[in-house]
Trainee: 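The structure that follows is given in the form of structure tokens.
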Amino acid sequence: MRRAYFGIGTLLGLLILLVSGSSPGARTDYDPERGIITLPEPASPFIAFNIWLKVGSQNDPEGKEGLAAMTAALLAGGSTTEDSYEQIRSKLYPMAASYGYRVDKEMTVFTGRVHRDNLEAYYTLFSNALLKPAFSQEDFERVKSQTLNFVERGRRYGRDEELSKELLFSMIYQGTPYEHPAEGYVESVRSLTLDDVKAFYESVYLRNNLVVGIGGGYPRGFADRVRRDFDALPAGEVAPVPAPEPRMPEGVKVLIVEKATDATPVSMGFPMALLRGDEDFWSMMAFNSWMGEHRNSFANLFQVIRETRGMNYGNYSYIEAFPLGYTTQQPPVNVGRRSQIFEIWIRPISNTTPTNLHERVLFATRAALREVAKVVDHGLPAEEVERTRNFLWNFTVNWGNTISRRLAYAVDDAFYGLPEPGYLAGIRPGLQALTPEGVNEAIQKHIQAENLWIVFITRDARNLRRMLLEGVPTGITYPGPRPEAVLAEDREIATFPIRVRADDIVIMDINEVYEGR
Amino acid sequence: MRTLAGLLLLGLSVAACADPATRSADSVFPFETRLVSLDNGLHAYLIRAGAPGEVAFVSNVRTGSRDEVEEGRTGYAHFFEHMMFRGTEKYPDYDEATSSIGAARNAFTSNDATVYYLVASSEYLERIIDLEADRFQNLLYSESDFRTEAGAILGEYQQGALMPGTYLDRELRLTAWDRHTYRHQTIGFEADIRGMPEGYEYSLSFFDRLYRPENVVLVVAGDFDFALAERLIREHYGGWEPGYVPPAVETEPEQTAPRDILVEFPGGTLPIISVNYKGPAWSATDRLAVATQVLGAVAFGSNSDLFRRLVLQERRVQSLGAGFGLPRDPGLLTIQTMVNDPGDLESIQAEIEATVERFQEELVDAQFLADTKSNMKYGFLMRLETAQDVAFALISFIINTGGIQAVEEYYATLDQVTAEDVREAARTYLTENRRTTAVMIQAED
């Protein structure tokens with residue numbers, strides 16, 4: 001907060017500051033030695049917390065998949081040695097405040113937000129949750145029962161599109177610590193005990209394994225005090241988990257999940273050696289935005305599959321993991337990973353007659369693959385690079401629109417070891433330096449359309465398998481006349497090759513999904 | 001620092017810097033506001049809030065699936081929302097026009113509202129107003145585009161059609177409502193959606209009757225010049241012809257006996273019990289209506305005795321929640337729980353009924369009532385961080401009343417709600433003849 005907004009002296013300026021804090025340019029400070037990130041925005045009435053533990057589902061012991069998530073869930077949703085969980089809820093209630101957690105492959109964060117009037121009372125509850133857990137058997141049984149209900153039923157009979165995305169990652173990361181979902185398998189969750197959770201807490205909730213992040217209008221000296229409080233945790237070593245090295249699939253590999261449904265989501269992708277901070281990152285960000293910016297209709301995949309053909313609700317692409325994309329327009333935070341994939345998400349394709357589901361699903365799949373192949377073969381024209389740069393220039397400003405998000409981005413910068421000015425503030429300089437040549441070189445380096453995994457969730461999996469193996473052309477019909485140019489392209493899409501061998505298609509029943517490793 | 005003392009401080013600390021001419025020191029809504037009213041009936045609220053250099057432009061249309069009164073035309077409010085992105089003669093490519101300024105924009109439709117929003121840098125205010133005013137007055141799409149877009153709606157329907165909550169809600173509405181349009185979900189009936197490609201002419205008349213200035217309220221929140229915004233709004237929206245034709249939404253006949261339905265879900269789920277009562281319409285000034293919302297929280301909310309016992313202590317249910325947010329017309333007050341053991345269904349239902357009876361007899365604890373009021377007020381204020389948050393926090397007030405004065409009225413009424421009012425709400429609305437109970441279980445294979 002040393003730049004930009006100190007000069008505003010009017011009442012008006014003060015009001016803006018008071019209510020909003022400041023924009024993504026606010027100055028964060030990261031001290032890796034002490035493990036503290038501060039984002040002071042002194043005029044803001046809100047204080048945000050982001051306690052980052054350098055632990056994720058990759059640290060789950062074999063057979064105990066889901067343990068990191070269960071531990072975090074119990075801390076955030078359980079009693080402390082000071083207060084029962086009921087008392088905690090009662091105390092938070094009049095403040096309309098809460099705290100929560102997120103566990104991803106490599107990161108666990110505990111987040112909270114409160115008005116400064118209530119800071120002391122709130123902070124006591126929040127810090128106790130992490131530092132003085134009671135590990136009550138009753139709380140554990142509740143959290144475990146809720147998790148089991150999710151893995152046995154909610155995940156299988158909830159949003160198929162989210163499940164297909166999760167399965168894509170599991171297929172690509174087979175045999176690595178990224179393979180299992182954070183919540184674990186049915187079998188592994190069943191096996192978890194309160195002793196497992198206690199032991200996990202003792203082994204990884206260490207003072208030198210966490211970073212304390214604080215942002216907003218907290219009082220002077222407060223951040224130091226928080227860090228000191230967390231220094232009460234023991235010191236120790238957490239065995240490092242090697243970064244996953246997913247194998248590039250040879251050819252097209254397919255998972256078909258059998259489920260009674262009239263609509264089928266498709267997820268496809270392949271591993272890609274690209275992380276924030278890499279030389280090609282901004283070029284690939286521009287490419288990806290053009291190809292399939294999340295929830296934006298101007299992007300290419302959306303235009304081809306939805307806007308022109310009305311096949312589904314949306315079609316997007318990603319160069320960084322984007323869990324729970326259906327819930328948000330903004331990119332997720334605190335899903336830092338040392339390995340990423342290129343991912344395409346085709347939202348559920350519906351049948352339009354009782355028998356044409358698979359024809360339409362394969363048409364959309366082919367259309368997406370063809371778009372990828374086209375850009376690899378022909379490159380991205382300079383004017384498209386320029387158009388995308390203009391879009392991202394302003395669009396990305398909104399990504400850091402709250403203190404909580406700005407703080408979370410600062411935590412992610414620490415995860416990736418990004419130098420100043422960090423990711424958010426680095427976007428515009430990165431965009432400024434883009435060249436069409438650079439973007440096209442990056443596409444050539446990272447993108448291809450031959451080797452990938454495809455996941456379908458659909459009824460009559462054997463029929464889809466047959467159509468894939470036989471290479472059956474798949475057309476599309478419309479409820480009205482379409483321009484000849486569209487129809488001509490349709491004919492090309494209908495026969496676009498998906499080269500897959502019988503051995504490379506796996507069929508799984510929905511009730512077997514994530515049952516065990 | 002619990003309860004209302006803290007609240008007052010929050011209100012004051014934020015309010016202290018606002019322009020004293022536009023608001024009083026004890027207002028709940030803490031931002032400088034200007035109302036712009038046009039002769040054609042359009043209202044626009046200009047609000048200074050959010051981060052420097054940013055503006056959120058929100059068009060609130062007071063039309064939702066509630067207004068779909070014609071047979072076979074359910075889902076059109078939402079469908080029409082999609083068509084609003086198809087361009088005009090002046091801006092044939094809305095996607096291109098908004099992406100070129102890097103705007104984050106979208107829309108959503110509910111029972112009572114269709115809301116369009118666009119968040120962008122304030123430097124584009126003039127372009128934004130031109131774009132939005134233009135599409136609300138001069139929308140242009142071909143029948144072919146219309147038919148294509150119908151496919152996207154079908155895809156959207158399918159995304160959630162087989163999720164337990166959606167599945168149950170669909171069946172519940174058909175049982176609880178006889179005449180009122182709350183009988184159908186906002187997305188519409190599947191048969192109507194599949195018939196949408198044939199509805200081009202109807203869609204044009206929908207636009208003509210409902211997208212009129214008297215039925216639209218703009219909220220422009222952010223960091224921008226009020227005078228410039230007012231001038232531009234007058235300029236760009238002033239020529240919009242009034243002509244709103246309110247749809248004849250049928251009044252639901254009084255329910256005379258409890259209704260029950262058993263729903264079999266074609267997939268894996270624990271049993272869900274949904275107990276619903278016909279409640280009042282939303283109101284900022286009717287104490288009983290506001291007390292009804294308080295009742296939901298104190299009797300069935302996440303700090304209620306019932307929640308504590310069933311979820312935390314006995315762990316007989318996965319979750320328990322109250323949906324007592326009131327819609328524009330009298331709607332359903334919902335108590336919903338997911339039960340761990342199918343054999344426990346009847347006794348959990350009995351627990352809910354016993355809780356209803358308890359709140360019809362007893363007065364809620366004074367401290368709990370105060371905490372609940374504090375929770376509701378802080379819940380509102382804690383949302384007000386970004387310009388878009390501020391604009392969105394006003395939606396229900398605008399949709400139900402046409403303006404934002406209701407914010408102050410609502411919280412003043414809330415302050416006055418007594419334990420007796422809460423009991424009266426339970427006696428008035430949580431009665432057997434207003435009740436519809438849906439139980440959903442997993443279908444046999």
Side-chain angles (χ1 to χ4, degrees), chain A residues 5 11-12 14-16 18-20 22-23 45-46 85-86 89-90 93-96 115 117-118 121 141-142 145-146 149 152-153 156-159 161 260-263 296-298 306 309-313 329 347-350 390-395 397-398 401-402 478-482, chain B residues 1-3 6 9-10 13-14 17-18 30 32 48-53 85 95-96 99-104 106 119-121 143-144 147-152 154-156 158-159 162-164 197 223 266-270 302-303 308 312 315 318 340 371 374-375 378-379 382 384-386:
Chain A
Y5 307 113
L11 287 182
L12 173 62
L14 270 172
L15 176 68
I16 290 164
L18 204 60
V19 173
S20 70
S22 80
S23 70
F46 302 118
Y85 187 50
E86 288 175 36
R89 296 173 67 91
S90 295
Y93 183 58
M95 309 177 205
H115 188 271
D117 289 350
N118 298 318
E141 279 171 17
R142 170 174 43 83
S145 157
Q146 287 166 341
N149 185 40
E152 287 180 327
R153 304 177 192 88
R156 293 168 175 167
Y157 293 94
R159 274 200 180 252
E161 49 184 343
T261 169
D262 288 335
N296 266 276
S297 50
F298 82 95
R306 170 171 162 180
R309 295 179 173 81
M311 296 194 76
N312 66 351
Y313 186 63
Q329 311 260 2
R347 305 197 72 161
I349 302 283
S350 178
N390 289 341
F391 165 73
L392 287 171
W393 187 264
N394 287 310
F395 181 71
V397 172
N398 206 33
N401 63 348
T402 64
Y478 298 101
R482 302 304 293 158
Chain B
M1 197 52 95
R2 305 172 59 178
T3 72
L9 270 183
L10 172 64
S13 65
V14 181
C17 295
E32 181 193 348
R48 201 170 307 293
F85 292 83
D95 292 334
E96 183 65 40
S99 66
S100 68
I101 59 172
N106 212 323
V119 181
S121 168
E143 180 162 4
S144 160
R147 288 172 173 271
T148 302
E149 193 60 28
L154 181 58
E156 192 174 356
Q158 298 283 18
Q159 275 163 213
L162 280 182
M163 288 168 58
D223 169 27
T269 185
L270 289 173
S302 61
N303 270 272
R308 210 167 280 153
L312 301 181
R315 297 180 298 286
Q318 291 275 316
N340 283 332
D371 285 355
S374 172
N375 175 280
Y378 256 116
M382 289 279 288
L384 308 177
E385 188 169 350
T386 69

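Just the heavy atoms: all of them, side chains too, but no hydrogens, waters or symmetry mates, feed the values below. The sequence lines fix the lettering, A, B, ..., with proteins before strands; numbering per chain opens at 1.
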Trainee: Check whether any side-chain N or O of A:Gln329 sits under 3.5 Å from a backbone N or O of B:Ala104 as a donor-acceptor pair, and report yes or no.
Mentor: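 Flag not set: sc A:Gln329 to bb B:Ala104 has no pair under 3.5 Å.
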
Trainee: Quick one: do the A:Ser297 and B:Asp95 side chains pair a donor with an acceptor below 3.5 Å?
Mentor: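 Indeed, the side chains of A:Ser297 and B:Asp95 share at least one donor-acceptor pair under 3.5 Å.
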
Trainee: At a 4.5 Å cut-off on heavy atoms, which part of B:Ile101 comes close to chain A: side chain, backbone, both, or neither?
Mentor: backbone

Trainee: Between the main-chain N or O of B:Gly268 and the side-chain N or O of A:Arg153, is there a donor-acceptor pair closer than 3.5 Å?
Mentor: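 Such a contact is absent between A:Arg153 side chain and B:Gly268 backbone.
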
Trainee: For B:Thr269, which atoms come within 4.5 Å of any heavy atom of chain A: side chain, backbone, both, or neither?
Mentor: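 Backbone only.
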
Trainee: Any donor-acceptor pair under 3.5 Å linking the side-chain atoms of A:Arg306 with those of B:Thr148?
Mentor: no

Trainee: Out of B:Asn340, B:Leu154, B:Leu270, return the one with the most heavy atom pairs under 4.5 angstrom to chain A.
Mentor: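 Looking at each option in turn, the highest pair count goes to B:Leu270.
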
Trainee: Between chain B and each of A:Ala263, A:Ser145, A:Gly480, count heavy-atom pairs under 4.5 Å; write down the option with the most.
Mentor: A:Ser145

Trainee: Please classify the contact of A:Glu152 with chain B as side chain, backbone, both or neither, using a heavy-atom distance under 4.5 Å.
Mentor: neither

Trainee: Apply salt bridge (charged side-chain N to carboxylate O under 4.0 Å, His left out) to residues A:Arg347 and B:Glu156 and explain how you reach the verdict.
Mentor: CA-CA 9 Å; A:Arg347 305 197 72 161; B:Glu156 192 174 356; over 6 Å; no

Trainee: To the nearest 0.5 angstrom, please state how far the CG atom of A:Asn394 sits from the OG atom of B:Ser100.
Mentor: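 Reported to 0.5 Å precision, the distance equals 9.5 Å.
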
Trainee: Taking all heavy atoms of B:Tyr378 and all of A:Ala96, pick out the closest pair and write down the distance.
Mentor: CB-CB, 3.7 Å

Trainee: Could you state the interatomic distance from OG1 (A:Thr261) to CG (B:Leu162), rounded to the nearest 0.5 Å?
Mentor: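 Between A:Thr261 OG1 and B:Leu162 CG, I get 5.5 Å after rounding to 0.5 Å.
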
Trainee: First locate atom CG of A:Asn118, then atom OG of B:Ser374, and finally report the distance between them rounded to the nearest 0.5 Å.
Mentor: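 The OG atom of B:Ser374 is 7.5 Å from CG of A:Asn118, to the nearest 0.5 Å.
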
Trainee: So, the side chain of A:Asn312 versus the backbone of B:Ala152: is there a donor-acceptor pair under 3.5 Å, distance only?
Mentor: no

Trainee: In terms of heavy-atom pairs under 4.5 Å with chain A, which of B:Met163, B:Gln318, B:Arg147 leads?
Mentor: B:Gln318

Trainee: Less than 4.5 Å to any heavy atom of chain B: does that hold for the side chain of A:Pro479, its backbone, both, or neither?
Mentor: both

Trainee: Heavy-atom pairs under 4.5 Å with chain A - which of B:Gly379, B:Ser302, B:Gly155 has more of them than the others?
Mentor: B:Ser302

Trainee: Could you state the interatomic distance from CZ (A:Phe46) to CD (B:Glu385), rounded to the nearest 0.5 Å?
Mentor: 5.5 Å

Trainee: Against chain B, label A:Gln146 side chain, backbone, both or neither, depending on which of its atoms sit under 4.5 Å from a heavy atom there.
Mentor: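 It is both, since atoms from each part get that close.
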
Trainee: Tell me, for A:Arg309 versus chain B, whether the close heavy atoms (under 4.5 Å) come from the side chain, the backbone, both or neither.
Mentor: backbone

Trainee: If only atom types and distance count, is the side chain of A:Arg142 paired as donor or acceptor with the main-chain N or O of B:Arg315 below 3.5 Å?
Mentor: no

Trainee: Once rounded to the nearest 0.5 Å, what's the spacing between atom CD of A:Glu161 and atom CD of B:Gln159?
Mentor: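 Result: 4.5 Å between the selected atoms.
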
Trainee: Minimum heavy-atom separation for A:Ser90 and B:Arg308, please, with both atom names.
Mentor: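 In terms of heavy atoms, the two residues are closest at OG-NH2, 3.5 Å.
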
Trainee: Does any heavy atom of chain A fall under 4.5 Å from the side chain of B:Ser144, the backbone, both, or neither of them?
Mentor: both

Trainee: Nearest 0.5 Å, please: how far is OH in A:Tyr313 from CD in B:Gln158?
Mentor: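 One gets 14.5 Å once the value is rounded to the nearest 0.5 Å.
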
Trainee: Picking from A:Tyr93, A:Tyr478, A:Phe298, A:Trp393, which has the most non-hydrogen pairs under 4.5 angstrom with chain B?
Mentor: A:Tyr93

